[in-house]
Amino acid sequence: PFLQHALDSQLESLALGQVVPALLDRGFFYVDHFLGDIAGHMVLGQVKRMHYCGLLNDGQLARRSNGVCRSIRGDQITWVNGTERGSEAVNFLLTLIDKLISLCEGQLGKSIRARSKAMVACYPGNGAGYVKHVDNPNADGRCVTCIYYLNKNWNAKEHGGLLRIFPEGKSYVADIEPLFDRLLLFWSDRRNPHEVQPSYATRYAITVWYFD
Ligand SMILES: O=C(O)CNC(=O)c1n[nH]c2ccccc2c1=O
Ligand SMILES: [Fe+2]
């Protein structure tokens, strides 16, 4: 109970002290060392096993940016709810993110009542990325996107794969490296168009969407 209490109060100060102010002011927020090394590596191990077992089905067809229509496979994804065997660490991650969001909820000026399953995504490192888009352009109910990154020793100069957010109405863009044990949250609607730049190393992420 003591540890649980300490963990809860740490999450609470993260939620109220950092997540809420950033979401209300800039519309996005990220924190490093969210789970810590041990739990983070357990999640990475389970995601790698899903990949090696062929669970990440072939991603969408993407065209090269130079317009040549030689199609390359983009992100490879699978959906987990965390109760599957071999996704216990993913489930632990999801329970922490759920707690973090529920601690923010009252201050975000909206009720958050549900969450999607977790989308485990892998960009295979063949130069594929994800074109600029809005996750929820047409009010499908998704209000917050949460992405947990799993990439050790990621170096954007060499591996690309930056997440670039173009916050609506702002004069700057936000380049976010998909670093191991980094948790990113942002409003899913038109306030945050974003893209995944071409990735030249295997790039893992777990995404959940919260519904209002
Ligand atoms: O990985 C990132 O940093 C950002 N990733 C995205 O924005 C993103 N957004 N929407 C998707 C829908 C289906 C499959 C993959 C995706 C996807 O990676
Ligand atoms: Fe997206």
Side-chain angles (χ1 to χ4, degrees), residues 22-23 26-32 34-35 40 43-44 47-48 50-51 54-63 65 71-81 90 93-94 97 101 115-168 170 173-212:
L23 280 179
R26 276 175 306 154
F28 67 90
F29 173 78
Y30 65 85
V31 60
D32 286 321
F34 182 64
L35 291 186
V43 176
L44 175 58
V47 166
K48 280 182 173 174
M50 294 176 201
H51 191 199
L55 287 176
L56 302 190
N57 45 48
D58 254 346
Q60 57 175 329
L61 280 177
R63 276 184 300 286
S65 52
S71 62
I72 49 170
R73 281 285 177 206
D75 52 284
Q76 303 161 317
I77 66 167
T78 190
W79 294 89
V80 299
N81 56 32
V90 175
L93 167 71
L94 300 182
I97 302 175
I101 292 291
R115 151 165 77 72
S116 69
K117 292 172 73 169
M119 182 182 78
V120 179
C122 169
Y123 287 84
N126 58 357
Y130 204 101
V131 294
K132 187 174 176 181
H133 66 284
V134 169
D135 281 354
N136 173 15
N138 305 314
D140 66 17
R142 289 180 290 170
C143 64
V144 179
T145 302
C146 286
I147 308 179
Y148 181 73
Y149 294 111
L150 287 155
N151 306 290
K152 301 288 291 181
N153 313 316
W154 190 271
N155 172 358
K157 287 175 190 47
E158 193 184 338
H159 307 132
L162 283 176
L163 172 70
R164 172 164 289 181
I165 304 179
F166 305 78
E168 189 185 39
K170 298 282 178 26
V173 296
D175 284 349
I176 297 159
E177 291 192 286
L179 300 183
F180 173 75
D181 203 18
R182 171 171 283 184
L183 183 71
L184 165 71
L185 301 95
F186 58 88
W187 300 122
S188 309
D189 61 21
R190 294 172 185 269
R191 284 172 283 182
N192 287 314
H194 55 283
E195 68 186 11
V196 179
Q197 297 186 344
S199 301
Y200 299 100
T202 304
R203 182 187 186 279
Y204 293 118
I206 299 174
T207 302
V208 286
W209 284 276
Y210 286 88
F211 291 80
D212 55 20

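Only heavy atoms go into these numbers, but all of them, side chains included; no hydrogens, no water, no symmetry mates. Counting starts at 1 for both ligands and their atoms, in listed order. Predicted model only: the values in this text are computed from it and were never measured.
- In this structure, CG on N136 lies 10.0 Å from CZ on R191, to the nearest 0.5 angstrom.
- Of the heavy atoms in E195, none comes closer than 4.0 Å to ligand 1.
- Ligand 1 places these atoms under 4.0 Å from at least one heavy atom of Y123: 17 (C), 18 (O).
- In the vicinity of D135, heavy-atom distances shorter than 4.0 Å reach the ligand 1 atoms 9 (N), 10 (N).
- The atom of D135 nearest to the Fe ion (ligand 2) is OD1, with the search restricted to N, O or S atoms.
- For D75, no nitrogen or oxygen atom sits less than 3.5 Å from a nitrogen or oxygen atom of ligand 1, counting backbone and side chain alike.
- Screening R190, H194, R142 for a side chain to side chain donor-acceptor pair (under 3.5 Å) involving D135 leaves a single residue, H194.
- Within the model, atoms CZ of F180 and CG of D32 stand 11.0 Å from one another, a figure rounded to the nearest 0.5 Å.
- Distance check, rounded to the nearest 0.5 Å: CD of E168 to CG of D189 gives 7.5 Å.
- For atom 3 (O) of ligand 1, the candidate residues are Y130, W209, Y149; the nearest heavy-atom contact is made by Y149.
- Of all atoms in ligand 1, listed by their number and element, those nearer than 4.0 Å to a heavy atom of R203 are 1 (O), 2 (C), 3 (O).
- The aromatic rings of W79 and W209 sit tilted, their planes meeting at an angle between 30° and 60°.
- At a 4.0 Å heavy-atom cut-off, ligand 1 touches I147 through the side chain alone.
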ask   = Passes side-chain hydrogen bond (donor to acceptor under 3.5 Å, both in side chains), D181 versus Y149? Steps please.
value = CA-CA 6 Å; D181 203 18; Y149 294 111; over 6 Å; no
